[in-house]
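Here the structure is a predicted model, which means the values were calculated and not measured.
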Amino acid sequence: RRAPVTVHRRLGMAEPEAATAAGQGVALDPAPGPPEEGAGLSAVIGATVPTGFEVTAAEEVQEKLGSASRISRDRGKIYFEVPARGLPQVHRLRSVDNLFVVVQEFKDYQFKENKEDALKDLEDLVKKLPWTDPLKVWELNNSLKKKKTKRKKHNLQSTASKEKLNEDGEEEGTDQKDAGKREDCAQNAAGVEPTSGQDTEQTQGVACRKGEEGEDNKQLDAKDESQAGSGSASQAGNGKTSEGEAKVLKFRVTCNRAGEKHSFTSNEAARDFGGAVQEHFQWKADMTNFDVEVLLNIHNNEVVVGIALTEESLHRRNITHFGPTTLRSTLAYGMLRLCDPQPTDIIVDPMCGTGAIPIEGATEWPSCYHIAGDNNPQAVKRAANNICSLLKKNENKESSTSLGIPLDIIQWDICNLPLRTGSVDIIVTDMPFGKRIGSKKKNWDLYPACLMEMGRICTPGTGRAALLTQDKKCFAKALSRMGHIWRKGQTVWVNVGGLHAAVYLLKRTWERAEEKRSFW
């Protein structure tokens, strides 16, 4: 009598019972493997992006994932649908800060005028929401993170064993040890600084993700939440997200609210909504060591409930040594993308600071050549350490000798660059705002001098520049004086650490720039 064979349905459907009648077994040729993890499951993903770069982020999603994005009325957010198995590609997007899976979206939610009634409605909403699929996506996302952590540990162990072998072997081991010492500072920073940044980010909660002024961002108060649950968190978890394990999941609710017509604060909304979540799932409230972060985004009458897929913002990906004005990697990517780099282009950041722009450029556009420089030796040192950390990370990822990255860093004077006239295709830089570095008074001399020297090194007719500044008045005046060599194209208004700044996309005219002349 042949043993019955289980036939798997396609795309993650439930497995049917095996045939048990005598001689009724089904022969398969060949036997299929287990269904792919997350197969058949799709999700609407929400992503926070640098304000002003929503269209750029949507273009990247279309290009890399083949999904059309919808730009939210709430600035700095886009939404797109992807199959759950595409989550790894979603995490590799360069223009997004934070990711979350949408539980449900209400485009025109009618809030009651009375505060108690409005909050009661939010509490009642928890039971009606379709949590099952988003929680499956959250689970899948967690399993991907665990795999990534395991790979990192394995790579570090293999690197350590290689170094040990080299030490015992030939003389070149000593050279490697010296190189290791030189890179030590970069590695230590990679291990320490982001961690401390992450702790700050978690305790501050949504402060790092707030958008426009007037937005009221606060978190759920742990004490209020515990009282709301009446001690129900001590019961065992319901297994909806822990796959039958007895472990009780810990959670917090983060509310982002924008709009003047609400009768409640974000803290009150988070507290009452969190109490209902706790009662519904029997989860335990924990403000810092949480497993699940439930997001309640309220923008006027638009309400989005989601579950966070990122623990810390993806903009921290490349930088281990931070300076006083380190630019977010996501904003650096957006500025570079505006310039549409082509293979073999020479891209220069003449005021690179900690190197966020050139490092992002060399990572995403390796077929271009990137040159970075700064007049501050400390900034150059930090940028060199960041490059060093990136090389180390690439080496671990490939588990072999890294090929390096097409990037050089130099200490120079922005007004006297050691580059040939007309030799540069693209200039992308974050200019001094005159707040933490320099002063607004100095900018009146610095900006026209910078634009003149950038115009000299940039290729006439085809050269372009993306320049970020908050000192808009000074920049406009400098640009009007340099109108013969730079033509203003697009302007993107962005929020940089709460400051209202702008990215100016400039095109180089055909006019020949004067070699050197004094004009102030």
Side-chain angles (χ1 to χ4, degrees), residues 38 40-49 54 58 61 67-84 86-87 90 96 98-112 117-142 206 209 211 215 217 219-220 225 228 238 240-241 249 251-259 261-262 264 266 268-283 290-310:
L41 185 65
S42 68
V44 175
I45 302 293
T48 60
V49 302
E54 296 89 350
V61 169
S67 300
S69 298
R70 183 175 58 77
I71 296 167
S72 171
R73 281 176 290 176
D74 184 5
R75 283 193 80 199
K77 289 189 183 73
I78 63 167
Y79 297 97
F80 52 92
E81 191 170 352
V82 290
L87 275 176
V90 174
V96 303
N98 291 282
L99 296 163
F100 59 93
V101 56
V102 174
V103 177
Q104 197 165 352
E105 182 182 5
F106 302 90
K107 289 183 181 174
D108 191 22
Y109 189 92
Q110 296 302 312
F111 288 102
K112 301 272 174 64
D117 292 344
L119 292 171
K120 183 74 172 67
D121 280 357
L122 284 176
E123 281 183 48
D124 295 340
L125 188 64
V126 172
K127 294 178 190 134
K128 300 170 190 171
L129 293 170
W131 295 97
T132 312
D133 280 356
L135 282 169
K136 281 180 188 171
V137 172
W138 171 82
E139 267 182 355
L140 182 60
N141 190 65
N142 264 12
V206 295
R209 287 200 287 273
E215 189 171 354
N217 291 344
Q219 297 171 27
L220 176 60
E225 197 176 34
N238 63 3
K240 277 185 187 176
T241 59
L249 287 175
F251 83 106
R252 83 170 183 195
V253 168
T254 302
C255 178
N256 304 307
R257 185 185 69 82
K261 294 182 180 177
H262 306 124
F264 51 86
S266 58
E268 290 166 337
R271 182 194 63 209
D272 289 17
F273 190 80
V277 168
Q278 188 182 40
E279 205 172 308
H280 184 66
F281 288 106
Q282 304 296 298
W283 290 342
F290 51 87
D291 302 302
V292 186
E293 183 177 19
V294 178
L295 304 172
L296 178 61
N297 295 330
I298 301 169
H299 181 258
N300 294 324
N301 280 353
E302 191 181 81
V303 176
V304 180
V305 179
I307 299 168
L309 300 178
T310 45

Q.
Can you give me the closest heavy-atom contact between Lys136 and Leu41, atom names plus distance?
A. CB-CD2, 3.7 Å
**Q.** Within-4.5 Å side-chain heavy-atom neighbours: Leu296 and Val303
**A.** yes
Q) Is there side-chain contact between Lys261 and Phe111, with heavy atoms separated by less than 4.5 Å? A) no
Q: Could you tell me which non-hydrogen atom of Gln278 sits nearest to which non-hydrogen atom of Trp283, and how far apart they are?
A: CG-O, 3.1 Å
Q.
Main chain of Asn98, side chain of Thr310: is a donor-acceptor contact present, judged purely on distance under 3.5 Å?
A. no
Q: Would you please test Glu293 and Phe100 for side-chain contact (heavy atoms from CB on, under 4.5 Å) and show each step?
A: CA-CA 9 Å; Glu293 183 177 19; Phe100 59 93; over 6 Å; no
Q. Can you name the nearest heavy-atom pair linking Leu122 to Phe273, along with the distance?
A. O-CD1, 3.4 Å
Q. Given Asp124 and Lys120, is the side-chain contact (heavy atoms from CB on, under 4.5 Å) satisfied, shown in steps?
A. CA-CA 6 Å; Asp124 295 340; Lys120 183 74 172 67; 2.9 Å; yes
Q | Salt bridge Arg70-Glu105, side-chain N to carboxylate O under 4.0 Å | A | yes
**Q.** Validation row: Asp272, Phe264 side chains within 4.5 angstrom (heavy atoms)
**A.** no
Q.
Using a 3.5 Å distance criterion without hydrogens, assess whether the side chain of Arg73 forms a donor-acceptor pair with backbone atoms of Lys107.
A. yes
**Q.** Straight-line distance of Asp108 CG to Asn301 CG, nearest 0.5 Å
**A.** 5.0 Å
Q: Taking all non-hydrogen atoms of both residues into account, name the closest pair between Val253 and Gly274 and its distance.
A: CG2-CA, 3.6 Å
**Q.** Approximate separation, where rounding is to 0.5 Å, of Ser72 OG and Glu54 CD
**A.** 8.5 Å
Q: Begin from the C-alpha positions of His280 and Leu129 and carry the test side-chain contact (heavy atoms from CB on, under 4.5 Å) through to its verdict.
A: CA-CA 11 Å; His280 184 66; Leu129 293 170; over 6 Å; no
Q: Specify the closest pair of heavy atoms between Pro134 and Val102, including all atoms of both residues, with the distance to one decimal.
A: CG-O, 3.9 Å
(Q) Taking the side chain as everything from C-beta on, heavy atoms only, tell me whether Leu309 gets closer than 4.5 Å to Ile45. (A) yes
Q) Are any side-chain N or O atoms of Asp117 and backbone N or O atoms of Lys112, one a donor and one an acceptor, separated by less than 3.5 Å? A) no
Q.
What I'd like to find out is whether the side chain of Val103 reaches to under 4.5 Å of the side chain of Pro130, using heavy atoms alone.
A. yes
Q) Is there a donor-acceptor pair closer than 3.5 Å between any side-chain N or O of Glu81 and the backbone N or O of Val44? A) no
Q. Going by atom types alone, do Glu302 and Asn300 pair a side-chain donor with an acceptor below 3.5 Å?
A. no
Q: Output, in order, the C-alpha distance, side-chain angles, deciding distance and verdict of side-chain contact (heavy atoms from CB on, under 4.5 Å) for Phe106 and Leu125.
A: CA-CA 11 Å; Phe106 302 90; Leu125 188 64; 3.6 Å; yes
Q. What heavy-atom pair brings Cys255 and Ile298 nearest, and what distance separates the two atoms?
A. SG-CD1, 4.2 Å
Q.
I'd like to know if the side chain of Trp131 reaches the main chain of Val126, judged simply by a donor and an acceptor atom lying under 3.5 Å from each other, with no hydrogens or angles considered.
A. yes
Q. When the aromatic ring centroids of Phe281 and Phe251 are compared, is their separation below 6.0 Å?
A. no
Q. Distance from Glu268 atom CD to Arg257 atom CZ, nearest 0.5 Å?
A. 9.0 Å
